[in-house]
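The next block holds one structure in the form of structure tokens; read it before the comments.
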Amino acid sequence: EVGDRVQFVCRIHAQPKPSVIWMRNSEEVVSGNKSVITTKTMDETTTVSKLVIESVESEDEGMYVCLATNVAGSNIENAALTVNDPNKDIPVTSVSILEGDSVTLACVAAGPVTWNLDQVPLSPGSRLVI
């Protein structure tokens, strides 16, 4: 959920010690304001790398990859991150109808839903059932 702390852990068994990089949707992730990457050698054949996102946002969704490489080759581990954002706007597919006709738009959601027209919330009335 938005605001939660997320941690990915990649345990690598390799000798010699591999270099490790993290990627999201094919772009390298680096330590910074949003994420922290730590890589520790546990023993001569085990390396543990962690990617931590302290406060996840919808934009952090995607496929994360831990890529470990040494002279013997490389290996990847994948993990998908999906972020539940209760305030996320979901655009409705364009619908064309004739004036005077009725239309039904459906939404499956967990929690309250607000319908908007041109970014103005709609209220139930004689012509509108929510």
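No experiment lies behind these values; they were computed from the predicted model shown. What you see below is based on every heavy atom in this structure, not just the backbone, and it leaves out hydrogens, waters and symmetry mates.
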Considering non-hydrogen atoms only, spot the tightest contact between [X] and [Y] and give its length.
X: Val9; Y: Gln7; answer: CG2-NE2, 3.6 Å
X: Arg24; Y: Val29; answer: N-CG2, 3.6 Å
X: Thr47; Y: Lys17; answer: OG1-CG, 3.9 Å
X: Asp43; Y: Thr41; answer: O-CG2, 3.2 Å
X: Leu128; Y: Ser123; answer: CD2-O, 3.1 Å
X: Thr114; Y: Pro121; answer: CG2-CB, 4.1 Å

[X]-[Y] co-clustered via ILVMFWY side chain contacts under 4.5 Å:
X: Trp115; Y: Val103; answer: yes
X: Ile76; Y: Met23; answer: yes
X: Val36; Y: Ile53; answer: no
X: Val48; Y: Val20; answer: no

From [X] [atom1] over to [Y] [atom2], what is the distance, rounded to the nearest 0.5 angstrom?
X: Ser19; Y: Leu67; atom1: OG; atom2: CG; answer: 7.0 Å
X: Lys50; Y: Cys10; atom1: NZ; atom2: SG; answer: 12.0 Å
X: Ser74; Y: Ile12; atom1: OG; atom2: CD1; answer: 11.5 Å
X: Leu51; Y: Thr39; atom1: CG; atom2: OG1; answer: 10.0 Å
X: His13; Y: Thr45; atom1: NE2; atom2: OG1; answer: 7.0 Å
X: Ser102; Y: Arg127; atom1: OG; atom2: CZ; answer: 10.0 Å

Heavy-atom neighbours of Glu27 CD exceed 12 at 6.0 Å: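 No.
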NZ/Lys34: more than 12 non-hydrogen atoms of other groups inside 6.0 Å: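 Above 12, so yes.
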Non-hydrogen side-chain atoms of Asp60 and Val6 separated by less than 4.5 Å: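 The answer is no, as the side chains (C-beta and beyond) never meet within the 4.5 Å cut-off.
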Min side-chain heavy-atom separation Thr69-Pro18 under 4.5 Å: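 Answer no - side chains too far apart.
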Is the side chain of [X] donor-acceptor paired with the backbone N or O of [Y] at a distance under 3.5 Å, no angle test?
X: Glu61; Y: Val83; value: yes
X: Asn78; Y: Val65; value: no
X: Asp118; Y: Val120; value: no
X: Ser31; Y: Ile37; value: yes

Parallel, tilted or perpendicular: rings of Phe8 and Tyr64 (30°, 60°):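 Ring orientation of Tyr64 relative to Phe8: parallel.
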